[in-house]
Amino acid sequence: MDREDQRRYFVVGSVFMEIVTPLFRKKVENDYTNKGFGSFHAFINSQSVKHILFHLRHRNTCCCQDQVHCFNSRALPVNYSQWDLLYTENPGPGPHNCHCKFTANQIQLDDLDITLASLILLNCCNLGQQDENIVGQLRQYKNDYLSHNTKGQITETEYHTLWTDLESFILQLDPSKEDDLIRLQQRPLDQQLCDKYLICLLDLHKKLDEQELLAWKEITDLDKKKQGVVIALSLPEDDESKIREKEFDQISLDDLKKDTGLTTLITFMDKHLAKDDLADSLAKFGF
Ligand SMILES: [Zn+2]
Ligand SMILES: [Zn+2]
Ligand SMILES: [Zn+2]
């Protein structure tokens, strides 16, 4: 196991967590400010944004208003947990299913992870052709090198093939990021932060995908005694399945800290997660 491979993963992961994600949020903010919205909440609560995101979650649905803008998306890139993070259904009148029944939740720009931020940027914002291409490229690079990189390693050869592009994408979006890029490139491996980024970038907390967890367990370098705890802490806190509450009610920390901690957790999830919750993880789209 090459520590330098891990460090290179950490550098690229840091770039996405500490530069790309905030840049995407900033772009969303610029867009809604230009359109005259006073807050992110006002923006996603607007009819037009709500309508677009609604059809990216709901297939074969015809609305009661603004029908000219209804569309049917082949893929449904907005997943259940993203939709629930953004909107709440009102117990409105009538049996119809339409965006008019939803209200935006009180969420902040900082609540957006890179996946959701890019989804909103590409679908609801006026980016201009160049920025749109770059956001798409960065999305693709995250997908290619991080989203399924359960090893948390990047070889020197691969690193050389991706770094120049990555640098150029980011500097085209924001030329002031050069110093940050240099700083991150020279950064020593911080194992704890790297483990945290690995979880975020794999989107394990959203997928709750047992197969992927098992695969991760096979190859991770993370100490067995920490694996269960790391994944347990990455489970959603306010998810409808109440998975995290149940988990801390029913599994002791001592059990999680054993060598078998992760197996205990996976067995638990298998028993307590409804199949609907797991179905989400099968909709593998984008990141
Ligand atoms: Zn309606
Ligand atoms: Zn519609
Ligand atoms: Zn509607």
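Here the structure is a predicted model, which is why all the values come from computation and not from measurement. Whatever order the structure lists them in is the order used to number ligands and atoms, beginning at 1. Numbers for residues simply follow the sequence, beginning at 1.
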Less than 3.5 Å apart, any donor N or O on the side chain of H51 or Q65 sitting next to an acceptor on the other?
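No pair is found: no donor N or O on one side chain lies under 3.5 Å from an acceptor on the other.
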With no hydrogens and no angle check, do the side chains of Y87 and N105 hold a donor and an acceptor under 3.5 Å apart?
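Judged by distance alone, the side chains do not pair up.
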On the 0 to 90° scale, with breaks at 30° and 60°, tag the [X]-[Y] ring pair as parallel, tilted or perpendicular.
{"X": "W83", "Y": "H58", "answer": "perpendicular"}
{"X": "Y159", "Y": "W163", "answer": "parallel"}
{"X": "H99", "Y": "F54", "answer": "tilted"}

From the Zn ion (ligand 2) out to just under 2.8 Å, does an N/O/S atom of H51 turn up?
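Coordinating: yes.
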Strictly under 2.8 Å, is any N, O or S atom of H55 next to the Zn ion (ligand 2)?
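Yes.
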Should D31 and K35 be marked as a salt bridge (Lys or Arg N to Asp or Glu O under 4.0 Å) after you check the CA-CA gap, both sets of side-chain angles, and the distance that decides it?
CA-CA 6 Å; D31 183 80; K35 289 171 178 161; 2.7 Å; yes
Following the transitive rule for hydrophobic clusters with a side-chain heavy-atom cut-off under 4.5 Å over Ile, Leu, Val, Met, Phe, Trp and Tyr, establish whether L189 and Y9 coincide in one cluster.
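Looking at the clustering, Y9 is in the same group as L189.
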Under 2.8 Å from the Zn ion (ligand 1), which protein N, O or S atoms do you find? Ignore water molecules.
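Counting only protein N, O or S atoms under 2.8 Å from the Zn ion (ligand 1), the list reads C64 SG, H96 NE2, C98 SG, C100 SG.
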